[in-house]
Colleague: 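Structure incoming, see below.
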Amino acid sequence: QVQLVESGGGSVQAVGSLSVSCTASRRTFSVYAMGWFRQAPGKEREFVAAVSWNGSTDFADSVKGRFTISRDNAKNTVYLQMNSLKPEDTAVYYCAARRTYGSPWTQSNTDYWGRGTQVTVSS
């Protein structure tokens, strides 16, 4: 089992920036694709971004050009840098891990989840 713990959530004004991170409990972190999902009230949990073991990345259309995902395997940590934030980015952001990498990455094929961290973007 892999435990994922998010940190760095909070509140920010629109067009501001915020970074969240996720640290995994096991040294085998490096074999997993890592990613982020988010869920706003009344909405389905949606894919945001992912990074493979070798650094290949994928982003939802809604965040392309604004968000950056990266990982540090030595620290068992994945990061999501969120820039030019919009109120519609407000959601609980969940760290996710998957043993295989490919699209679509959905909630159903995710192997591990973090508990989530709240990100709130005000107008």
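Along the sequence shown, residues are numbered consecutively beginning with 1.
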Colleague: So, for G114 and Y94, which heavy atoms are closest and what is the spacing to 0.1 Å?
Modeller: O-CD2, 3.6 Å
Colleague: For a quick test of reading the model, state the closest non-hydrogen atom pair linking T110 to A96 and the distance between them.
Modeller: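 Distance-wise, the nearest heavy atoms are CG2-CB, 3.7 Å.
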Colleague: Give a yes or no on whether Q118 atom CD has more than 12 heavy-atom contacts from other residues, nucleotides or ligands under 6.0 Å away.
Modeller: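 More than 12 heavy atoms, drawn from other residues, nucleotides or ligands, come within 6.0 Å of this atom.
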Colleague: Taking side chain as C-beta onward, heavy atoms only, is V78 less than 4.5 Å from C95?
Modeller: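 Touching, per the 4.5 Å side-chain cut-off.
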Colleague: If hydrophobic clusters are built from ILVMFWY residues whose side chains come within less than 4.5 Å, do I69 and Y112 share one?
Modeller: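 Yes.
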Colleague: What pair of heavy atoms forms the shortest contact from T90 to A40, and how long is it?
Modeller: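 For T90 and A40, the tightest heavy-atom pair comes out as O-CB, 3.6 Å.
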Colleague: Can you tell me how far CG of L18 sits from OG1 of T117, rounded to the nearest 0.5 angstrom?
Modeller: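 Rounded to the nearest 0.5 Å, the OG1-CG separation comes out at 8.0 Å.
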Colleague: What pairs with T68 under side chain to side chain donor-acceptor pair (under 3.5 Å), at least two apart in sequence or on another chain?
Modeller: none
Colleague: Determine whether a donor-acceptor pair (N or O, by modelled atom type, separation under 3.5 Å) exists between the side chain of S25 and the backbone of V2.
Modeller: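 It does not hold such a pair.
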Colleague: Walk me through whether W36 and V20 qualify under side chain to side chain contact (heavy atoms under 4.5 Å, CB included).
Modeller: CA-CA 10 Å; W36 293 89; V20 293; 3.7 Å; yes
Colleague: Identify, with sequence neighbours excluded, every residue that meets salt bridge (Lys or Arg N to Asp or Glu O under 4.0 Å) alongside R99.
Modeller: none
Colleague: Output the distance between atom CD (Q39) and atom CD (Q107), rounded to the nearest 0.5 Å.
Modeller: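 Spacing of CD (Q39) from CD (Q107) equals 7.0 Å.
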Colleague: Who are the side-chain contact (heavy atoms from CB on, under 4.5 Å) partners of N54, not counting sequence neighbours?
Modeller: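 With sequence neighbours excluded, N54 shows a side-chain contact (heavy atoms from CB on, under 4.5 Å) to S52, S56, given in chain and number order.
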Colleague: Could you check whether the rings of Y93 and F67 sit parallel, tilted or perpendicular, using 30° and 60° as the cut-offs?
Modeller: tilted
Colleague: When you measure from the side chain of T77 to the backbone N and O of N73, does any donor-acceptor pair fall under 3.5 Å?
Modeller: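 Between the backbone of N73 and the side chain of T77 there is no qualifying donor-acceptor contact (under 3.5 Å).
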Colleague: Measure the acute angle between the ring planes of F47 and W105, then classify it against the limits of 30° and 60° as parallel, tilted or perpendicular.
Modeller: tilted
Colleague: Nearest 0.5 angstrom please: Q3 CD to N76 CG, how far?
Modeller: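 Those atoms lie 12.5 Å apart.
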Colleague: Applying a strict under-4.5 Å side-chain criterion to I, L, V, M, F, W and Y, I'd like to know whether L80 and V121 cluster together.
Modeller: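 Linked within one cluster.
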Colleague: Restricting to non-hydrogen atoms, name the atom on V12 and the atom on G16 that form the minimum distance, rounded to 0.1 Å.
Modeller: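 Heavy-atom minimum between the residues: CG2-CA, 4.0 Å.
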Colleague: Would you name the heavy atoms of S19 and Q81 that are closest together and state the gap between them?
Modeller: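 Shortest heavy-atom separation between S19 and Q81 comes out as CB-OE1, 3.4 Å.
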Colleague: Once you round to the nearest 0.5 Å, how far does CZ of R71 lie from OG1 of T57?
Modeller: 12.0 Å
Colleague: Ion pair present between E46 and R38, side-chain N to carboxylate O less than 4.0 angstrom?
Modeller: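 Looking at E46 and R38, the cut-off is met.
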Colleague: Can you name the nearest heavy-atom pair linking L4 to A24, along with the distance?
Modeller: CD2-CB, 3.7 Å
Colleague: Measuring from atom OG of S21 to atom CG of D72, what distance do you get when rounded to the nearest 0.5 angstrom?
Modeller: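 The CG atom of D72 is 11.0 Å from OG of S21, to the nearest 0.5 Å.
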Colleague: Apply side chain to side chain contact (heavy atoms under 4.5 Å, CB included) to the pair V51 and M34, showing each step before the final yes or no.
Modeller: CA-CA 5 Å; V51 57; M34 301 296 301; 4.3 Å; yes
Colleague: Are K86 and D89 close enough for a salt bridge, meaning some N to O gap below 4.0 Å?
Modeller: no
Colleague: Within this structure, what is the OG-CE distance for the pair S17 and M82, rounded to the nearest 0.5 Å?
Modeller: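 Going from the OG atom of S17 to the CE atom of M82 covers 9.0 Å.
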